[in-house]
Every structure is written in C-alpha cells, then in structure tokens.
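Throughout, residue positions are numbered sequentially from 1 according to the sequence presented. These numbers were taken from a predicted model, which means no experiment stands behind them.
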Amino acid sequence: MLHLFGNFVTSRGIAGNYRGESKGNLAPLQTVSWHGQKHTIVSAEAMRFAFRYYLQLINESVNRVFDADAKPIPTWHFKGKHDEHQYSDDDTLGYMTTEAAKQEKSEEGSITRTKGKTTARKSALEMGIALSTTPYQNDRMFHASSGEKDSTSIYINEIHETCYQVSFTVTPNHLSVKSRIFPTLDGLISLPRVAGNHSRSLYDFSPDSIVLRWTHDPCPRFFYCFQEDEEGNITAPKLLDKINRGDIDPSELWIGGPIVETLEGVETNLFPGVKLAVAALKERIESDLGLSE
C-alpha cells in the first residue's frame, strides 16, 4: 500500500489569532512548549476548514458548502445524506453522523427503546498541528475602536512574526475515488484563508518549501524537519540525518523550493519551486496507481 507524506514550511508572515475566539478584550495565540521554548501553533481543524473551502472554490462536488454571506454569521450548509462516492469532501475528510435513541410503543402497549446509531467514515487526509519555526516573544498589538458617543473600546491582539511548518498524509487506498488524491495535493499547497479571529488577520499558508514522500513505508519519519537559525535561514537537518542513516530512501522524495539549495549532494528529486515538485510527483502517482487526472 502506497502512502503520501508531506511536510512544508510557509513564507515568513505576521500571524494573528487562528481560532476565532477571544478572552475578554484579548485575541490570544495558541502556544505549545517545543524543545523547552514557547512556540505558536495553528490547529489542524483550521487548515481542514481552508482545505474544504478550497474544494468548493475549484467546483469539486462537495456535500458541505460554506456561505460567507449568510446572516447573522457565515455558516456551512449541508446538502444531505453523506456519500463518499459522490462528494469529494465526504471522501477526503470523512464524516460522522449520530442518531439519538428512540422510544417506540408496541401494539400491546409496552415501551421499547432502540439504541442510538453512529455512522462514521475515517478521513483519508490527516493533518498535523502547524508549528512556528521561531519561539514566541509575547508580541502584542493594541487597538481602539469607537462605540457609542464618548466611549472607546480597547482590544489586544497577540501576534507572531514567523514561518509555520505543516505536516500531512494521504493514503489513496482510503479514498473511494483514488483520483481525488490529485485535487487533495493541489489543495494542500493552495490553502486559502485559514480561519482567523473575525478576519482581523491574514497569513499566507501556501508552502515556500516542501518535502513529499511517496512510499510503501507506513511511517513518515521526517515530520517537523525544518529548522530556522538566528539569522532566519531555513534548513532541514532532520531530513538529511534520516537520509544519511538509511531510514529514508532519497528516491522516494520530491522536494521543491529554496530548501533544495541546502541539499546539495543529495541524490533525490529536487525542483526549484513547490508547484514543479508537486507536478512531477503527480505524474509518478498517476503511473503507480494507473490513474489519470
């Protein structure tokens, strides 16, 4: 069984809140301790939101449609019964529906209770939590907005100037329609607006550099492989170490973007840009699975 694993790093930007939540007048960033320092993170749910919206933008057949103009708040509209054969989002992202237990009365007058029912499909696309490449320095922005006459509201937005690295995996055998791996891969490198706190901030989540592995190995072995030094240089020492130790066959890798300049001497599939690397890998996937886009 073949698996597609990927890890990419974004361009540098200034990140704000990606949960859509506030604590009083503070829009906080989510953080985690990484190698003893505080780093900011972006949830997989936020990126899956953006991926689902991407499928809608490219006119894939989707079961849930996002209405950005709905009142009183933007919302998803569910078309109907889940169908992974018909709908790309049901196939790629999975689903779960539940039916409550019911009470029924028999002809004799006795009451019976049927059990609740759950129907679920596993997501073929799995995404890791996005991790900042630099520690968070507790930077904040202060804002003021006018309300009623002679009143001013103060709110605070935590911000982080950084890149993020994002990991994901797709197993084509888990897709009902295996050719959907192509728009899935396209969507992962073209994530549109990734959530955000009331659209107060915008961050480009498209990859600046990417590492893709197409393999029979069920383990990725290179996630969170990017590292940024004090001068802002991005390298991939973990990836190089795994290759040198023989844990990853370099022929299974497709790498694109500026990161290739740090991989001189590595005999693998190197491309100057992310889209070129993805296009080349799609040709290999098409050949190995006997598919056509």
Side-chain angles (χ1 to χ4, degrees), residues 3-10 13 15-21 29-32 40-68 70 73-79 82-84 86-98 118-132 163-199 201-207 210-212 220 223-224 274 278:
H3 309 273
L4 172 62
F5 298 109
N7 195 48
F8 68 78
V9 63
T10 68
N17 183 291
Y18 284 89
R19 292 187 291 167
E21 298 176 359
L29 286 163
Q30 289 180 290
T31 60
V32 67
T40 58
I41 58 175
V42 178
S43 70
E45 288 81 0
M47 292 179 287
R48 285 168 62 90
F49 175 103
F51 174 77
R52 190 187 298 276
Y53 188 47
Y54 169 84
L55 294 177
Q56 176 182 330
L57 292 176
I58 64 169
N59 296 318
E60 282 284 302
S61 177
V62 292
N63 200 3
R64 282 151 287 189
V65 177
F66 185 67
D67 184 355
I73 60 173
T75 187
W76 290 98
H77 293 297
F78 177 46
K79 289 183 178 179
H82 289 292
D83 186 339
E84 59 269 23
Q86 180 178 358
Y87 298 119
S88 183
D89 55 342
D90 283 350
D91 195 10
T92 308
L93 295 169
Y95 56 80
M96 185 180 76
T97 59
T98 58
T118 299
T119 303
R121 174 176 174 79
K122 183 182 181 297
S123 176
L125 168 64
E126 299 176 72
M127 300 193 72
I129 294 172
L131 178 74
S132 68
C163 306
Y164 284 97
Q165 54 178 320
V166 180
S167 57
F168 62 86
T169 181
V170 186
T171 301
N173 276 11
H174 292 163
L175 289 167
S176 175
V177 180
K178 290 183 176 60
S179 61
R180 285 179 176 147
I181 192 172
F182 299 127
T184 298
L185 188 50
D186 289 337
L188 289 166
I189 65 166
S190 306
L191 292 176
R193 295 176 288 273
V194 179
N197 184 34
H198 310 298
S199 299
S201 59
L202 177 65
Y203 190 98
D204 184 0
F205 265 85
S206 64
I210 195 167
V211 179
L212 298 163
F223 282 175
Y224 300 110
V274 170
V278 169

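Leu191 and Val194 get closest at one heavy-atom pair: CB-CG2, 4.4 Å. Between Thr184 and Phe51, the shortest heavy-atom distance links the atoms O-CE1, 3.6 Å. Taking each heavy atom of Ala44 and Gly128 in turn, the nearest pair found is CB-O, 4.0 Å. Closest heavy-atom contact between Asp89 and Arg52: OD2-NH1, 3.3 Å.
Residues that satisfy the ring pair (Phe, Tyr, Trp, His ring centres under 6.0 Å) test with His82, not counting sequence neighbours, are Phe78, Tyr95. Partners of Tyr54 under the ring pair (Phe, Tyr, Trp, His ring centres under 6.0 Å) rule, at least two apart in sequence or in another chain, do not exist in this structure. With sequence neighbours excluded, the residues satisfying side chain to side chain donor-acceptor pair (under 3.5 Å) with Asp91 are Arg121, Arg180. In terms of the ring pair (Phe, Tyr, Trp, His ring centres under 6.0 Å) criterion, residue partners of Tyr53 (sequence neighbours excluded) are, by chain and number, Phe66. Taking the side chain to side chain donor-acceptor pair (under 3.5 Å) definition, one finds that Ser176 meets it with His85, sequence neighbours left out. Here Lys178 pairs with nothing under the side chain to side chain donor-acceptor pair (under 3.5 Å) rule; sequence neighbours left out.
Taking OG1 of Thr118 as the start and CE of Met96 as the end, the distance is 6.0 Å to the nearest 0.5 Å. To the nearest 0.5 Å, atoms OG1 (Thr169) and CG (Asn7) are separated by 11.5 Å. Of the inter-residue distances, the one linking Glu60 atom CD with Asp186 atom CG reads 9.5 Å to the nearest 0.5 angstrom. With values rounded to the nearest 0.5 angstrom, Leu29 atom CG is found 9.5 Å from Ser132 atom OG. In this structure, CG on Leu185 lies 6.5 Å from CD1 on Ile210, to the nearest 0.5 angstrom.
Listed for the Ser123 side chain is no donor-acceptor partner under 3.5 Å among the backbone atoms of Glu126.
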Exercise for the section: Could you walk me through whether Ser206 and Asp204 pass side chain to side chain donor-acceptor pair (under 3.5 Å), step by step? Expected result: CA-CA 6 Å; Ser206 64; Asp204 184 0; 2.7 Å; yes

Point to revise | Step-by-step side chain to side chain contact (heavy atoms under 4.5 Å, CB included) determination, Asp90 to Arg64 | key: CA-CA 9 Å; Asp90 283 350; Arg64 282 151 287 189; 2.6 Å; yes

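Shown are Val9, Ile189, Val278; of these, the side-chain contact (heavy atoms from CB on, under 4.5 Å) with Pro207 is made only by Ile189. The only option from Leu131, Val42, Ile129, Ile41 that meets the side-chain contact (heavy atoms from CB on, under 4.5 Å) definition with Tyr164 turns out to be Val42.
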